[in-house]
Enquirer: 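Here you go, one structure.
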Amino acid sequence: MRTTKDAVVIGGGLAGLAAATYLGRAGRSVALVEKAHAPGGRAATQESHGFSLNLGAHALYRGSAAEEVLRELGVRFTGAPPPASGALAFDRGAFHTMPSGALSLLTTGLLGVAAKIELARVLGGLAALSPAPLASVPVSTWLRDTFRTPEVRRLVGMLVRLTTYCADADRQSAGAALAQVQLAFSKGVLYLDGGWQTLVDGLRGAAAAAGVEIVTGVRATQVAVEGGAVSFVELANGDRIDAGAVLVAASPRAAASLVPGSPALAAHAERAVPVRAACLDLALSRLPRPEVRVVLGVDRPLYLSLHSASARLAPEGGAVLHAAQYAPELAGRDAERELDELLERAQPGYRGAIVERRFLPSLVVSNAVVTAEGGGYAARPGVRVPEIDGLFLAGDWVGPTGMLADASLGSARDAARALLARSARRALDRAA
Ligand SMILES: Cc1cc2nc3c(=O)[nH]c(=O)nc-3n(C[C@H](O)[C@H](O)[C@H](O)COP(=O)(O)OP(=O)(O)OC[C@H]3O[C@@H](n4cnc5c(N)ncnc54)[C@H](O)[C@@H]3O)c2cc1C
């Protein structure tokens, strides 16, 4: 079958859905092609026995580009910040009170006196530090050169992992990491009622209302380029969609394989080092220790949070817990066993309450670490592929805006704007 559209969007995650909606609202005819049976990508939520399980722990950064785009597109969501009480630090095999305010800082056994004094100063001053001069500095160097006590270095390293999901301190840009920590500290985050599927459903509804044709269950196999410009998209079922503009909202590797004639895309695919996490997602019929809500590993790259303490994710009496080991390829210990041991310590007997258990050993949280070597966000590709007219990109590895979903949704908006600006220019040229 052969059809014609103004634009084709490849990839139906948050980025593709948002970009297609912007284009549809601007009056363009748009087809969105998603290879999975439903849109959503990494923002999809699994529903099981009345529990909502995100694909690993997800928190929406407030005051971020993501929130801005979602509001702009009329996507409704509700949620609440993570539990403020009941947070523990897990260090060298023992639990300690997490130092989060004056009293807990005084009383916690996690830190010695010198580290307590330094941490009090550091927490007060982090917001005022400027990320820009640190763009080309690795997180590990920044921690070593900025903080005096090893305990504070480890704690700030933990904050970096928590907010960026990245434990590769030798590679990650300290500037990008600091900006992300500051974003988290300034407005906080939300756990979403019903999970991130509410965002997917909201965006899908907005796309459909904007006239976007959503094609699921079929992979785009090629973006054909003729005379230096895109001309059509070929699908795995043999269909072809003619279009003068294509927006790829998928991974760097997918983009490079869709457009094999682009050295720039091949180079980005080659360079991108994904941020990975091993995730243990749990639905429990009851919680053995309801007072334990958050556990953050200090000497180990571990995370555990009771998302259902804040958001509506579980039926009455039940609980949704997300646990993660950051960078399983670097962590040096079997992730599933380490997470299971942590859970057994934090929630003794939890195994007897399991309704649903999902272990995902190596999820791609972000397609590309923001590297110090690349000078931070400067190394990311722009939304326009300069060597191919009509080809645009969106995703968590594209553009200058933030990390994670912020990068996905921020670049989606930028890419849609760039595509619309190009078609406006071409219309003017034709009229002249
Ligand atoms: C464990 C985990 C925790 C996270 N936590 C957070 C968090 O706390 N805060 C936050 O902001 N973000 C978080 N994220 C990141 C967030 O989920 C992503 O940034 C966002 O969902 C990515 O959206 P996307 O559209 O850019 O990419 P994706 O969701 O990856 O979508 C790309 C889509 O393209 C499709 N596709 C690929 N190739 C083709 C093809 N050839 N043809 C058709 N379709 C194709 C794929 O099937 C996929 O659906 C987390 C992610 C993970 C995995």
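Since we're looking at a predicted model, the values are computed, not measured. Counting convention: from 1, in listed order, for ligands and their atoms alike. Heavy-atom basis, side chains included; hydrogens, waters and symmetry copies ignored. All residue numbers refer to positions in the sequence shown, counting from 1.
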Enquirer: Just go through Gln222, Lys35, His58 and tell me whose heavy atom is the nearest to atom 6 (C) of ligand 1.
Expert: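 Closest candidate by heavy-atom distance is His58.
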Enquirer: Counting only heavy atoms, which portion of Ala57 has something under 4.0 Å from ligand 1: side chain, backbone, both, or neither?
Expert: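 Backbone only; the side chain of Ala57 stays clear of ligand 1.
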Enquirer: Within a distance under 4.0 Å of any heavy atom of Ala405, pick out the atoms of ligand 1 and give their elements.
Expert: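 Every atom of ligand 1 under 4.0 Å from some heavy atom of Ala405: 10 (C), 11 (O), 12 (N), 19 (O).
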Enquirer: Is it the case that the side chains of Asp168 and Gln172 hold a donor-acceptor pair, with the cut-off being a distance below 3.5 Å and no angle test?
Expert: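 Per modelled atom types, Gln172 and Asp168 side chains form no pair under 3.5 Å.
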Enquirer: Looking at atom 41 (N) of ligand 1, what's its closest protein heavy atom, distance included?
Expert: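 It is Ala220 O, 3.0 Å.
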Enquirer: When you compare the side chains of Glu356 and Ser48, does any donor N or O come within less than 3.5 Å of an acceptor on the partner?
Expert: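 Short answer, yes.
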Enquirer: Please work out, at 4.0 Å between heavy atoms, whether the side chain, the backbone, both, or neither of Leu404 comes within that distance of ligand 1.
Expert: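 Near ligand 1, Leu404 shows its backbone as well as its side chain.
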Enquirer: Got a second to check how far Asp281's CG is from Gln46's CD, nearest 0.5 Å?
Expert: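 Answer rounded to 0.5 Å: 8.5 Å.
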Enquirer: Under a 4.0 Å threshold between the charged nitrogen and the carboxylate oxygen, would Glu341 count as salt-bridged to Arg345?
Expert: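 Result for this pair is no, no salt bridge flagged.
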Enquirer: Can you list the atoms of ligand 1 that are under 4.0 Å from a heavy atom of Arg219?
Expert: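 In order of numbering, the contacting atoms are 40 (C), 41 (N), 42 (N).
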Enquirer: Heavy atom under 4.0 Å from ligand 1: found in Val364's side chain, backbone, both, or neither?
Expert: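 Val364 to ligand 1: backbone contact only, side chain stays beyond 4.0 Å.
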Enquirer: Considering only heavy atoms, does Ala249 approach ligand 1 within less than 4.0 Å through its side chain, its backbone, both, or neither?
Expert: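 Near ligand 1, Ala249 shows its backbone, while the atoms from C-beta on stay back.
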Enquirer: What do you reckon, does Ala66 put a non-hydrogen atom under 4.0 Å from ligand 1?
Expert: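 In this structure, Ala66 fails to qualify as a contact of ligand 1 - no heavy atom is under 4.0 Å.
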Enquirer: Rounded at 0.5 Å granularity, tell me how far CD in Glu338 sits from CZ in Arg333.
Expert: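 Going from CD on Glu338 over to CZ on Arg333, the span is 4.5 Å.
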Enquirer: Show the atoms of ligand 1 that are less than 4.0 angstrom away from any heavy atom in Leu55.
Expert: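 In order of numbering, the contacting atoms are 1 (C), 2 (C), 52 (C).
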Enquirer: Between atom NE2 of His307 and atom CG of Leu321, what is the distance when rounded to the nearest 0.5 Å?
Expert: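 Reported value, rounded in 0.5 Å steps: 8.5 Å.
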